[in-house]
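Report on the following structure.
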Amino acid sequence: MSQSSSDKIYALAGIFQAAHLVHQVATKGDCAQEDLETCIRSLFATEPASALDVYGGELSDIQDGLTVLTSVLSRSVNDGDANVLRYVLNLIQLESMLHRRGDMLDVIGSRIEQARHTASHFGYTHSNLVSNLASIYSDTISTFKLRIQVSGNPSILQRDEMANKVRALLLAGIRSAVLWRQTGGRRWQLIFSRGKVVREARSLAKRASESA
């Protein structure tokens, strides 16, 4: 996969987009279907020509992630932003743990390949696929000692459909965290290079808006 200077930002935006959708589902019981599709579709992009191709090849596909990234990292966070940032940092940490577990990576890869037929038959946002991906997350990532505590409306999170959507999105967030590491992304950059990250993300978000 070829790399550009923006690849880290695309990948980071992918993590933020997944985390933001988790927050929306957990608090409102709904999220933008096109953004959900982008996240779920990324799980099946196993041989992308570029980082942006993981998300569909267009900046507009990760515009929400770029916007949320810019917003969360450039200001004092409110409660909602704090949850999104916590999910992002947890996803990056979980990916680091997963990276050392080749056996678990093999299981995840195999089961995602098995789910590819469901995706092609029903579409990326169908409840059957979402449930399938949620079970992959539950059987693998959820077994780590570090567990992501999702904050939201209990009556929403108790519904199987919503809980499955949250887990599938967290799995998609892990996939973007893999890409972020592969493109040179490191957790310390969110602290010491925050200004640079925000400036580039803001520029890319503007381009995405203009091309939409």
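Worth saying up front: this structure is predicted, and the values here are computed from it rather than measured. Residue numbers run from 1 in the order of the sequence given.
Atom NE2 in His23 sits 10.5 Å away from atom CZ in Arg86 (nearest 0.5 Å). Here the NZ-CG distance, from Lys28 to Leu21, works out to 11.0 Å after rounding to the nearest 0.5 Å. Taken to the nearest 0.5 Å, the OG atom of Ser110 stands 12.5 Å off from the CG atom of Leu105. Considering CZ of Phe16 and CG of Asp81, their distance stands at 9.0 Å, rounded to 0.5 Å. Atom CG of Leu66 and atom CG of Leu12 lie 9.0 Å apart (nearest 0.5 Å). Taking CD1 from Ile174 and CG from Leu98, the interatomic distance works out to 6.5 Å, rounded to the nearest 0.5 Å.
Scanning all heavy atoms of the two residues, the minimum distance from Ala45 to Arg175 falls at O-NH2, 2.7 Å. When all heavy atoms of Val150 and Leu170 are compared, the closest pair comes out as CG2-CD1, 4.4 Å. Shortest non-hydrogen contact noted between Leu85 and Leu73 is CD1-CD2, 4.2 Å. Residues Ser151 and Leu157 approach most closely at C-CD1, 4.5 Å, considering heavy atoms. Across every non-hydrogen atom of Ser60 and Ala208, the tightest pair is N-CB, 4.2 Å. Here the closest heavy-atom approach between residue Asp7 and residue Thr183 is recorded as CB-CG2, 3.7 Å.
In the displayed structure, His126 atom NE2 is contacted under 6.0 Å by more than 12 heavy atoms of other residues, nucleotides or ligands. Counting non-hydrogen atoms of neighbouring residues, nucleotides and ligands closer than 6.0 angstrom, the CG atom of Asp160 reaches no more than 12 such neighbours.
Residues Arg101 and Thr140 have side chains that never bring a donor and an acceptor to within less than 3.5 angstrom of each other. A donor and an acceptor atom, one from each side chain of Ser135 and Arg111, are located under 3.5 Å apart.
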Side-chain donor-acceptor pairs of residues 31-44 under 3.5 Å, sequence neighbours excluded:
residue	atom	partner	partner atom	Å
Thr38	OG1	Glu34	O	3.1
Arg41	NH2	Tyr55	O	2.7
Ser42	OG	Cys39	O	2.5

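In this structure, Ile15 is a member of the same hydrophobic cluster as Phe144, with clusters built from ILVMFWY side-chain heavy atoms closer than 4.5 Å. Put simply, Val130 and Leu91 are part of two different groups of oily side chains (I, L, V, M, F, W, Y) that touch within less than 4.5 Å, one to the next. A single hydrophobic cluster is seen to contain both Leu146 and Leu171, as judged by linkage of ILVMFWY side chains at heavy-atom distances under 4.5 Å, directly or through other members. Hydrophobic clustering (side-chain heavy atoms under 4.5 Å, transitive across Ile, Leu, Val, Met, Phe, Trp, Tyr) keeps Met97 apart from Val107.
For the pair Ser120 (side chain) and His117 (backbone), a donor-acceptor distance under 3.5 Å is present. Side-chain N or O atoms of Gln17 include one that pairs as donor or acceptor with a backbone N or O of Asp61 at under 3.5 Å. Counting only distance, with no hydrogens or angles, the side chain of Ser6 and the backbone of Ile9 share no donor-acceptor pair below 3.5 Å. When atom types are taken as modelled, the side chain of Arg186 and the backbone of Arg181 share a donor-acceptor pair closer than 3.5 angstrom. Judged by distance alone, with hydrogens and angles left aside, the side-chain atoms of Thr67 form a donor-acceptor pair with the main-chain N or O of Gln63 at under 3.5 Å.
Taking the side chain as every heavy atom from C-beta outward, Leu204 and Ile62 never approach each other to under 4.5 Å. No side-chain heavy atom of Tyr10 sits under 4.5 Å from any side-chain heavy atom of Val54. Residues Arg187 and Gln93 have side chains in contact (heavy-atom distance under 4.5 Å, counting atoms from C-beta outward). Proximity of Ser74 to Arg202: side-chain heavy atoms (C-beta onward) are separated by under 4.5 Å at one or more points. With a 4.5 Å cut-off on side-chain heavy atoms, Ser127 and Glu161 do not count as touching. When side chains are defined from C-beta on, Val198 counts as touching Thr70, because their heavy atoms get closer than 4.5 Å. Between Ser96 and Arg100, some side-chain heavy-atom pair lies under the 4.5 Å cut-off.
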Please step through side-chain contact (heavy atoms from CB on, under 4.5 Å) for the pair Lys8 and Glu200, ending with a clear verdict.
CA-CA 10 Å; Lys8 275 190 293 190; Glu200 186 158 5; over 6 Å; no
Kindly indicate, with the supporting measurements, whether the criterion salt bridge (Lys or Arg N to Asp or Glu O under 4.0 Å) is fulfilled by Arg116 and Glu113.
CA-CA 5 Å; Arg116 195 180 290 276; Glu113 279 305 309; 2.7 Å; yes
Can you check side-chain contact (heavy atoms from CB on, under 4.5 Å) on Tyr137 and Ile148, steps first, answer last?
CA-CA 12 Å; Tyr137 183 88; Ile148 297 181; 4.0 Å; yes
Test side-chain contact (heavy atoms from CB on, under 4.5 Å) on Phe122 and Leu129; report intermediate values, then the result.
CA-CA 8 Å; Phe122 291 106; Leu129 178 63; 5.8 Å; no
Can Val22 and Asn83 be said to form a side-chain contact (heavy atoms from CB on, under 4.5 Å), step by step?
CA-CA 10 Å; Val22 166; Asn83 283 327; over 6 Å; no
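Note: Trp188 and Phe192 have tilted aromatic rings, judged against thresholds of 30 and 60 degrees for the angle between ring planes.
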